[in-house]
Amino acid sequence: QVQLVESGGGLVQAGDSLRLSCAASGRTYSTYAMGWFRQAPGKEREFLAGITMSGGSTYYTDSVKGRFTISREKAKNMVYLQMNNLKPEDTAVYYCAASPSGLTYSTFGSWGQGTQVTVSS
């Protein structure tokens with residue numbers, strides 16, 4: 001099992017940038033694929049970005065492609081989400097998650113508590 005703690009959320013203006021961090025603990029962290037998700041009020045949780053165990057491949061949903069970048073530092077047990085050109089519709093609670101097998105939504109079994117991102121227009 002992997003324990004995850006997100007940080008870095010806050011209130012920003014449209015066009016600003018934020019970097020979210022996710023600190024992972026647990027002996028098997030390095031064997032997990034990692035992902036970032038978000039959930040806006042009244043909406044379902046959605047996948048945003050994923051990175052493979054090796055860090056060699058990344059995947060993004062269309063709405064954030066070109067604006068968000070996922071990365072990981074295995075030596076520090078960290079995963080990041082760099083978010084540029086933020087829009088009001090990016091307002092949501094952002095979650096870090098870990099998957100022992102691939103980047104399919106159903107395989108993400110470990111979740112952080114979430115960090116709020118609010119983008120004002």
Side-chain angles (χ1 to χ4, degrees):
Q1 193 75 356
V2 178
Q3 291 77 45
L4 305 169
V5 178
E6 303 96 334
S7 61
L11 172 63
V12 297
Q13 293 187 329
D16 285 351
S17 297
L18 271 179
R19 188 177 81 155
L20 304 182
S21 299
C22 174
S25 61
R27 291 181 299 171
T28 58
Y29 156 76
S30 62
T31 67
Y32 280 63
M34 302 296 295
W36 283 96
F37 296 73
R38 70 185 177 192
Q39 187 167 21
K43 295 188 177 181
E44 293 186 354
R45 188 172 298 184
E46 65 169 331
F47 170 84
L48 298 177
I51 188 166
T52 55
M53 177 186 69
S54 68
S57 296
T58 56
Y59 303 88
Y60 300 91
T61 193
D62 287 345
S63 62
V64 306
K65 201 173 293 184
R67 298 191 298 127
F68 292 9
T69 303
I70 188 172
S71 61
R72 68 189 299 172
E73 276 190 276
K74 281 192 173 182
K76 295 183 178 180
N77 285 3
M78 296 294 293
V79 179
Y80 306 100
L81 185 68
Q82 176 67 43
M83 305 186 295
N84 298 328
N85 189 24
L86 284 162
K87 305 175 181 180
E89 52 264 40
D90 293 318
T91 295
V93 177
Y94 284 68
Y95 298 90
C96 174
S99 166
S101 56
L103 293 172
T104 303
Y105 188 101
S106 61
T107 63
F108 285 92
S110 300
W111 295 83
Q113 83 290 348
T115 184
Q116 176 71 45
V117 172
T118 303
V119 185
S120 64
S121 57

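Quick note: residue numbers are just sequence positions, from 1.
- No more than 12 heavy atoms of other residues, nucleotides or ligands sit less than 6.0 Å from atom CD of Glu44.
- The shortest distance between side-chain heavy atoms of Met78 and Ser21 falls below 4.5 Å.
- A centroid separation of less than 6.0 Å is found between the aromatic rings of Trp111 and Phe37.
- Cys22 places none of its side-chain heavy atoms less than 4.5 Å from the side chain of Tyr80.
- Remark: side-chain polar atoms of Ser99 are paired, donor with acceptor, to backbone N or O of Gly102 under 3.5 angstrom.
- Side chains of Tyr94 and Leu48 form a contact here, defined as non-hydrogen atoms less than 4.5 Å apart.
- Nearest approach of Leu18 to Gly8, heavy atoms of both residues: CD2-O, 3.6 Å.
- Ser17 and Asn85 make their closest contact through OG-N, 4.2 Å (heavy atoms, listed as atom of the first residue, atom of the second, distance).
- The backbone N or O of Phe108 lies less than 3.5 Å from no partner atom in the side chain of Tyr32, so there is not a single donor-acceptor pair.
- To the nearest 0.5 Å, the span separating CD on Gln3 from CG on Asn77 amounts to 11.0 Å.
- If you chain together hydrophobic residues whose side chains sit under 4.5 Å apart, Tyr95 and Leu103 fall into the same group.
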Go through it in stages, so that I can follow the logic: the residues are Arg45 and Tyr105, the test is side-chain contact (heavy atoms from CB on, under 4.5 Å), and I'd like the CA-CA distance, side-chain angles, deciding distance and then a yes or no.
CA-CA 10 Å; Arg45 188 172 298 184; Tyr105 188 101; 3.7 Å; yes

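- The OG atom of Ser121 sits 14.0 Å away from the NZ atom of Lys87 when rounded to the nearest 0.5 Å.
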For Asp16 and Met83: C-alpha separation, side-chain torsions, deciding distance, then whether side-chain contact (heavy atoms from CB on, under 4.5 Å) applies.
CA-CA 8 Å; Asp16 285 351; Met83 305 186 295; over 6 Å; no

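- Side chains of Leu4 and Met34 form a contact here, defined as non-hydrogen atoms less than 4.5 Å apart.
- No donor-acceptor pair under 3.5 Å is formed between the side chain of Arg72 and the backbone N or O of Gly55.
- Within the 4.5 Å cutoff, the side chain of Thr52 has heavy atoms near those of the Tyr59 side chain.
- Using a 4.5 Å heavy-atom threshold, the side chains of Asp90 and Arg38 count as touching.
- The side-chain heavy atoms of Leu20 and Glu6, taken from C-beta on, include no pair separated by under 4.5 Å.
- Taking OG1 from Thr91 and CD from Gln116, the interatomic distance works out to 7.0 Å, rounded to the nearest 0.5 Å.
- Residue Val119 is not grouped with residue Val93 when hydrophobic side chains (ILVMFWY) are merged at heavy-atom distances under 4.5 angstrom, including chains of intermediate members.
- Val79 and Met53 fall into different hydrophobic clusters, where Ile, Leu, Val, Met, Phe, Trp and Tyr are joined by side-chain heavy atoms under 4.5 Å apart, directly or via other members.
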